[in-house]
2 protein chains.
Amino acid sequence: MITISILGAGKVAHHLILNILEQDNLTLQQVYARSKNKVNDLVSENQIITDINLLKPADIFIIAVSDDAIAEVSNAIPFDNAFVVHTSGTQSMDIIQKTNRKGVLYMLQTFSYDKEVDFSKMPFCLEAAKPTDFKLLDKIAICFSEKVYKISSEQRKVIHLAAVFVNNFTNHLCTLAEDICKKNSVPFDILKPLIAETAEKLQVLSPKEAQTGPAARKDIGTIDSHLQMLEGTNEKEIYQLITNSILNR
Amino acid sequence: MITISILGAGKVAHHLILNILEQDNLTLQQVYARSKNKVNDLVSENQIITDINLLKPADIFIIAVSDDAIAEVSNAIPFDNAFVVHTSGTQSMDIIQKTNRKGVLYMLQTFSYDKEVDFSKMPFCLEAAKPTDFKLLDKIAICFSEKVYKISSEQRKVIHLAAVFVNNFTNHLCTLAEDICKKNSVPFDILKPLIAETAEKLQVLSPKEAQTGPAARKDIGTIDSHLQMLEGTNEKEIYQLITNSILNR
């Protein structure tokens, strides 16, 4: 039985807690949160602490807080030789300074409170300073997922940057598309099958093979007509820049 | 039994032909192609014509050629009162001038030769000048799909523009992400579950609700570090512009 304490109460902590509770060989020891409210509905009251000094020993402490707070929270853990990992895509493992037994458990996924995420297909990117700690981290990750990778801090930064493009930025383009639909009284829902197929296609084709559209076929007439439709909107500059990026390939 | 002739031999024609052949109450009459090679493997030799004057009468002629060629091809159809539709997202119905019995059958999807598409969930956007012709078009579309919409030429242009954002542009961002991965020797495959989840999330949450990432949480430190990593690359300008667009919401 592996005992785990979670430090943090945001979206990543929320989904981690939910999935730890489902595992027979993992025990959720404690959750440290600045306020009890946020995790109240997930765990029993006596497991939640708002004073970090009330932490009991555990096999691993997983820090799931905002990047700026990782250093402070890790320094405040009241044990000298605990195994402490963070869950950030961008921060180096060495931001944890309190202990030599440090590591990273980065889940490459997008989390929202209102949407369950299937942990079993989710890439877990692991790093640990000590081989024995890496083994423990690996043992935990394979409880959740079939996709467990050993990834260095440098590689993780690259993956996180690429993830911003494939997730955050593509999602924002869908926000702009929704704006365009709303402004013109067209239902955004009509685009949902296309959004689904765009992603499905990328499971079997490379993005280069999958590229279609006016820019890919150098259809300047359609591009000009789209730019006219976008005249005076914020979307025009984005349309122009991405179109040029496709045309220039 | 409805008889259909297809004019064109590109990706849209290819997928249309495949799906017409699967329907019991639709008959593929003829395929007009500039060269026989492209559709040879789909239909028997005697169904393919390369001279448009060899077209036999059919209940409907579906033009699936590039936007610039629609007017020319529709004018060359050797019948005066035939029902002729095109499949373009951007062109008005009235680009067809040879007949008053005109319409549009626009399939809101992205087509590649190497990827089968599920027609049953695909939005069919229909338009016809005459109510009786609309009925026929509707009868054909519901053979293929549960999602059939009556959409005007104006609405269709808006939908096509929004589709460029959710499909062509998001796909290109994935191309850029693949470049970033390759340059840094990280496997692009690790991002595929995230790409899938990004689209799945948008089936149940609005893009605004689904938005996460450094820009959404105004994490300027991470944004600066990403911009540094992209220094000197084409991706930097796109990163900056989309990030600003998210920050400004």
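Sequence lines set the chain letters: A, B, ... in the order given, protein chains first and strands last, and positions in each chain run from 1.
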Heavy-atom pair count under 4.5 Å with chain B, highest-scoring of A:Pro214, A:Ala215, A:Gly89: A:Pro214
Selection from A:Ala210, A:Ala196, A:Cys181 maximising heavy-atom pairs under 4.5 Å formed with chain B: A:Ala210
Part of A:Val164 within contact of chain B (heavy atom distance under 4.5 Å): side chain
Heavy-atom contact with chain A under 4.5 Å, split by part of B:Leu205: side chain
Winner by heavy-atom pair count (cut-off under 4.5 Å) against chain B, out of A:Val117, A:Val204, A:Ile159: A:Ile159
Candidate pair A:Leu161 and B:Leu230, rule side-chain contact (heavy atoms from CB on, under 4.5 Å), full reasoning: CA-CA 9 Å; A:Leu161 172 60; B:Leu230 292 172; 3.8 Å; yes
Interchain contact, B:Val166 with chain A, by part (heavy-atom threshold 4.5 Å): both
Side chain / backbone / both / neither for B:Val186 at chain A, heavy atoms under 4.5 Å: side chain
Interface moiety of A:Leu108 toward chain B, non-hydrogen atoms closer than 4.5 Å: both
Part of B:Leu202 lying under 4.5 Å from any heavy atom of chain A: both
Taking only distance into account, so ignoring hydrogens and angles, what donor-acceptor contacts under 3.5 Å exist between chain A and chain B?
from	atom 1	to	atom 2	distance (Å)
A:Thr110	OG1	B:Lys201	NZ	2.5
A:Thr110	OG1	B:Thr212	OG1	3.2
A:Ser112	OG	B:Lys201	NZ	2.8
A:Lys115	NZ	B:Glu197	OE2	3.3
A:His160	ND1	B:His226	NE2	3.1
A:Asn167	OD1	B:Thr212	OG1	3.4
A:Asn167	ND2	B:Thr198	OG1	2.8
A:Asn168	O	B:Gln211	NE2	3.0
A:Asn168	ND2	B:Thr212	O	3.1
A:Asn168	ND2	B:Thr212	OG1	3.4
A:Asn171	ND2	B:Pro207	O	2.8
A:Asn171	ND2	B:Gln211	OE1	2.9
A:His172	N	B:Gln211	OE1	3.3
A:His172	NE2	B:Ser245	OG	2.6
A:Asp179	OD1	B:Arg249	NH2	3.4
A:Asp179	OD2	B:Arg249	NH1	3.2
A:Asp179	OD2	B:Arg249	NH2	3.0
A:Lys192	O	B:Gln203	NE2	3.1
A:Glu197	OE2	B:Lys115	NZ	3.3
A:Thr198	OG1	B:Asn167	ND2	2.8
A:Lys201	NZ	B:Thr110	OG1	2.5
A:Lys201	NZ	B:Ser112	OG	2.8
A:Gln203	NE2	B:Lys192	O	3.1
A:Pro207	O	B:Asn171	ND2	2.8
A:Gln211	OE1	B:Asn171	ND2	2.8
A:Gln211	OE1	B:His172	N	3.3
A:Gln211	NE2	B:Asn168	O	3.0
A:Thr212	O	B:Asn168	ND2	3.0
A:Thr212	OG1	B:Thr110	OG1	3.2
A:Thr212	OG1	B:Asn167	OD1	3.4
A:Thr212	OG1	B:Asn168	ND2	3.4
A:His226	NE2	B:His160	ND1	3.1
A:Ser245	OG	B:His172	NE2	2.6
A:Arg249	NH1	B:Asp179	OD2	3.2
A:Arg249	NH2	B:Asp179	OD1	3.4
A:Arg249	NH2	B:Asp179	OD2	2.9

Most contacts with chain B, counted as non-hydrogen pairs under 4.5 angstrom, among A:Leu176, A:Ile151, A:Leu191: A:Leu191
Which atom of A:Phe165 lies closest to which atom of B:Ile180, heavy atoms considered: CE1-CD1, 3.7 Å
Check against side-chain contact (heavy atoms from CB on, under 4.5 Å), A:Leu241 and B:Ile242: CA-CA 10 Å; A:Leu241 190 62; B:Ile242 301 182; over 6 Å; no
